[in-house]
Amino acid sequence: MSRQLPKTYNPQEVEEKWYQFWLEKGFFQVEVEKEKKPYCIVIPPPNVTGKLHLGHALNNTLQDILIRYHRMKGENTLWLPGTDHAGIATQARVEEELAKEGLTRYDLGREKFLARVWKWKEEYGGTIIKQLKQLGASCDWSKERFTMDEGCSRAVKEVFLRLYEKGLIYRGSYLVNWCPKCATTLSDIEVEHEESEGRLWHIRYPLVGGDGYIQVATTRPETMLGDTAVAVHPEDGRYRGLVGKKAILPLMNREIPIVADPMVDREFGTGAVKITPAHDLNDFELARRHNLPQVTVIGFDARMTAEAGKYAGLDRYEARKRVLHDLAEGGFLAGEESHLYALGTCYRCDMVVEPLISKQWFVRMKPLAEPAIRVVKEGKIRFVPERFTKVYLNWMENIRDWCISRQLWWGHRIPVWYCRDCQKEIAAGEEPTACPACGSGHLEQDPDVLDTWFSSALWPFSTLGWPEQTPLLEHFYPTSVLVTARDIIFFWVARMIFMGLEFMQERPFAEVLIHGLILDKDGKKMSKSRPETIVDPQDVIDEYGADTLRFTLATGTALGQDQRFQLERVEGVRNFANKIWNAARFLLMNLEDYVETGEKPENLSLPDRYILSRLQAVTAETGEMIDRYDLGGAANLLYDFIWSEYCDWYIEMAKPMLKTGGEERRRTQQVLVKVFRQIMVLLHPYMPFITEEIWQALPHAGESVMLAPWPEPEAGYRDAGAESEMQLLMDVVRAIRNIRAETRVDPGRKVEAVLLAGSVQRRILEENRLYLEVLAGLGRLEIRPEGTAKPDRAVSAVESGVEIYLPLAGLVDLAVERERLQKELAELETEKNRLAKKLENPQFLAKAPAAVVEKEKKKLAEVESKYEKVSARLAALS
RNA sequence: GGGCGAAUAGCUCAGGGGGAGAGCACUUGCCUUACAAGCAAGGGGUCGCUGGUUCAAAUCCAGCUUCGCCCACCA
């Protein structure tokens, strides 16, 4: 940064330069230092296919703020980065590419297809990492990991085998969520439910051996083809005689039993339910209790199977139309009504999910969930904000087994082989050469891969070296805090907790920081279906700089709360960056003769003592706020301090001092630099680039602001007296400026002021008259004792006990002045009465804390004094 | 069906038992040698509604209204 700075800050010229500098110096890289306190965050690994969106930008900004802060505090700080292989997303991306060449993955075969995906990953997988770097993320890139790298893959195998041996992973035929489009199973949380208006059809099932029928209701009439029973509640008097009898399934002419089960809700519909074990979870479970057969009528392609008789081959929705038509024709349709119900759709492709019976791998959740519940209940893992604890517990306590097999090729292959001769199932880390049971060499590996979240669940320890007992793992596990959006609690946070407890016998992190989502300017989710709502953070970085984006996101909202992204706010922050830039320019323009003394500046002026005192308070508060994760609060505090206090008041008061030259100039330079340099340090976690640029340009010691020690408040500079004396000055200046503005005094014109005040205030005003003159634009300033003569033809005000008179020749309209004072007097009276009434209340005096009563008394005294003065002035004018 | 969040200035949002805040927008005046992406001075709010607790409620409690989100195996 040269001494000839442009008037506006240009982030493009600055940001890349400093990021390269940090990288080259290796400042992000960390070695284990046992004697130091470890601080570690593992990044929520973005998908390799990913491009930075605003959610990532927020998530990583928050992490980087915490990381930079703790690093500056001298902790052994590691931010461990990496990416996720993202099974379905990545595979789909490459399949799209193939489709353009007229090929499918089956044309290539598994091996060639996977080679192609790896190639794609090498070529395009680094986009998001590049973008994180642009954002300023201070990750230790030398430790970057990938969920399918060698180490992570080894961890996955190890975990699978251990859980398998413990009986916590099993294979079985159950009803699973099947996405016909992605052609794979999905776990329960990968199915999204959207409530929508549907229809409920009533169907009559004729009774066997008699007349009459039993009437059932369904939202999915096509599944009736696979019905194997009708169920009623055991205590439902209406059907008591029918339990044990049979009904005839219309269209299929199959006899099905009428069974009794408490699952049935007597209040709903007719109280009789058709049971389709192969296509409905409730029915599946009921059927198991009653040993009912399963008839699969819908296949993996979402078309009707051979079991569906004449409907075989039809798409499920086409079949619904035909079935309804045929039911109506046969006189079985008893009616229909509209009905609200939740349709399950695939979280990736929005296809309506089909529940199907299929042989899949599952993780037995109950034994794993139990300690994961305990660790949170005992407070060993703390959610911030606290309310997310309940969300987590509620899910964990009602958890079902986790379907982990996916019918994809891209992912961690299930480490299980089957013997073709004796069907033995062999779980092993390496491909076995022969079947341990029959010795056959005809072995075949399970074709499926694991749910991507299976490997992410191991992330906090697999990335640190597990299953090896590495020094990294030993030092940094458990990690300090996990930062993530609230929509990922179930997918990831919960699973890391139980895996961490199971394999490390220790929680994976002490705290979970949950942040909200980024919404568009209208408060709606940014959605791919409405591209006009999407803001690309890359565009924001390119136009406004990463610092601006970071600060905007960090100050956007309170924790855990969603925030709207508005360009007006970005511009406001850009202006803030520019403000800082110009403050730096001002300093540098006035430092040609600066000498860093390294000593505490002496003979401080009131503004010096004030700003140094405030700096201590702000320093302490910033740290406290970051410690309690009020990152937005700390940022706003710095914003206000820098803009309102340092720039608007201190710099303005420093100007006359700089002009005096000599000792006062040198002292002012010391304070200007000391405070501003510290501000750059405090702001660095939020705006790493501009603070580095400016810090480097200022007189400084050390290689980089990111290595500067986080400042401790210096008690010696705390000065409550200076703060209140300064307050008086500021109040008086503002009062004079107010009169000038209201009476339309030419801003360039120097005016005369007469101040009347008590001895204490008179001393303060007298000592600082230079500031009053400069800041209020006074040509002449008289400071007199209270009660002495005052100008008659003057506009007046009372502020902090000081009477202010501006004898503005030619501008004073006494009638206007009287009116103004009367209005003020009325307001004062209201306030006086309110306070007096409060202080007359014996209950208040008896029960309110003494400090509060004192405060109110003092307030009343002030209001009364002001009232008297305004009143007297008014009398003098009449 | 259950749970959670929000409701404060025209807009977007902080705050949170004892003086209603910020940014933007608005009004007025200023290109004052750091910054017009700026400076100075203003206007603007029964803090969603109804009760309760308290000496004191925008803040705590209960209920209600509106909006949003999440969870759920009533077909």
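From a predicted model like this one, the values you see are computed outputs, not experimental measurements. A note on names: the letters A, B, ... follow the listed sequences, proteins ahead of strands, and every chain is numbered from 1.
Side-chain N/O atoms of A:Lys525 include one lying less than 4.0 angstrom from OP1 or OP2 on B:C70.
Within the 4.0 angstrom heavy-atom criterion, no nucleotide atom of any strand lies near A:Trp201. Counting non-hydrogen atoms under 4.0 angstrom, A:Glu856 reaches the backbone sugars and phosphates but no base.
Base pairing analysis places B:C13 opposite B:G21; the two distances defining the Watson-Crick or G-U wobble pair are each below 3.5 Å. Both distances falling under 3.5 Å, in either a Watson-Crick or a G-U wobble arrangement, place B:C67 opposite B:G5. When both pairing distances are held under 3.5 Å, B:C39 makes a Watson-Crick or G-U pair with B:G29. Summarising the base pairing, B:U54 is matched to no nucleotide, lacking a Watson-Crick or G-U wobble pair whose two defining distances lie under 3.5 Å. B:A72 is unpaired under the Watson-Crick or G-U wobble criterion, no partner having all donor-acceptor distances under 3.5 Å.
Relative to the ring axis of A:Phe332, A:Arg204 does not place its NZ or CZ within 45° and under 6.0 Å from the centre.
In the set B:C39, B:A41, B:C30, B:C39 carries the atom at the smallest distance from any side-chain atom of A:Trp643. The side chain of A:Asp265 lies closest to B:A75 when the candidates are B:A37, B:A40, B:A75. Comparing atom distances between the A:Pro747 side chain and each of B:A41, B:C55, B:G29 picks out B:G29 as nearest.
Rounded to an integer number of Å, the gap from A:Ile518 CD1 to B:C69 P is 16 Å. For the pair A:Trp649 CH2 and B:C35 P, the interatomic distance rounds to 20 Å; values are reported in whole Å. Rounded to an integer number of Å, the gap from A:Asp746 CG to B:U32 C1' is 11 Å. As rounded to whole Å, 15 Å separates atom P of B:A34 from atom CG of A:Asn578. Spacing between atom CD of A:Gln563 and atom P of B:C11 amounts to 20 Å, rounded to whole angstrom units.
In the interface, the side chain of A:Arg574 is paired with the base of B:A37 through a donor and an acceptor atom under 3.5 Å apart. Between the base of B:A36 and the side chain of A:Lys7 there is no donor-acceptor pair shorter than 3.5 Å.
Side-chain atoms of A:Asn582 and A:Tyr9 form no donor-acceptor pair, as typed in the model, at a separation below 3.5 Å.
Atom CD of A:Glu267 has 12 or fewer neighbouring heavy atoms from other residues, nucleotides or ligands inside a 6.0 Å radius.
Comparing A:Phe576 and A:Arg266 along RNA chain B, the residue whose closest nucleotide (by nearest heavy atom) sits nearer the 5' end is A:Phe576.
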